[in-house]
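Fair warning: this is a prediction, and the values are worked out from it, not measured in the lab.
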Amino acid sequence: MEQYENVAVQTDFHIDSAREAIDALDLQIIEIIQRRQAISLQIQQKRMSKGGTRTVLSREERILDRYATGLGARGTALALNILSLCRGRVTTAEPGAGGSPQGAR
């Protein structure tokens, strides 16, 4: 047995390599969210240029349901954070400007 942070761990499981795998996954998740932000911004701009709203609540409900189905209640919390990240910033030229995203729950 090896000692890691005062906890005995079996030597057949390598914490350092597992942590490296998690770090790599975190970088991939960040990249995916950045791509999602860019696509979401394009959709928002197109919708708003045609007089639509920044967000479509029925669409957001479907996204929340997808995350809840796949990950449970905590998936819903994750989806809310992702939606918030992808709504973009409100500029002073837009109604409701004040720095907070429109359509926030």
Exercise for the section: For side chain to side chain contact (heavy atoms under 4.5 Å, CB included), just list the numbers for H14 and E20, CA-CA rounded to whole Å, side-chain angles, deciding distance to a tenth of an Å, and then say yes or no. Expected result: CA-CA 10 Å; H14 299 283; E20 288 175 12; over 6 Å; no
Fill in the blank from the handout: Minimal heavy-atom distance between Y67 and G75, with the atoms involved, is CB-O, 3.3 Å
Problem - Connected-component partners of I43 among ILVMFWY, side-chain separation under 4.5 Å - result: I39
Handout entry: Distance-only polar pair, side chains of Q45 and S49, donor-acceptor under 3.5 Å
Key = no
Handout entry: For R59, side chain to side chain contact (heavy atoms under 4.5 Å, CB included) partners two or more places apart
Key = V56, R62, I63, R66
Completion exercise
Minimal heavy-atom distance between C86 and S40, with the atoms involved, is O-OG, 2.9 Å
Practice task
Give, for atom CD of Q28 and atom CG of D23, the distance between the pair rounded to the nearest 0.5 Å.
Solution key: 11.5 Å
Problem - Set of residues satisfying side-chain hydrogen bond (donor to acceptor under 3.5 Å, both in side chains) with respect to T76, sequence neighbours excluded - result: none
Problem - Residues forming a side chain to side chain contact (heavy atoms under 4.5 Å, CB included) with I29, sequence neighbours excluded - result: D26, I33
Exercise for the section: Say whether I82 and L41 are linked into one hydrophobic cluster, either directly or through other cluster members, by side-chain heavy-atom distances under 4.5 angstrom. Expected result: no
Handout entry: Donor-acceptor under 3.5 Å (T53 side chain, T55 main chain)
Key = yes
Exercise for the section: Indicate the atoms forming the closest heavy-atom contact of A18 with F13, along with that distance. Expected result: CB-CZ, 3.8 Å
Problem - salt bridge (charged side-chain N to carboxylate O under 4.0 Å, His left out) contacts touching residues 33-49 (sequence neighbours left out) - result: E31-R35
Completion exercise
So CD of Q44 and CZ of R87: to nearest 0.5 Å the spacing works out to 8.5 Å
Practice task
For T69 and D65, indicate whether the former's side chain and the latter's backbone hold a donor-acceptor pair under 3.5 Å.
Solution key: yes
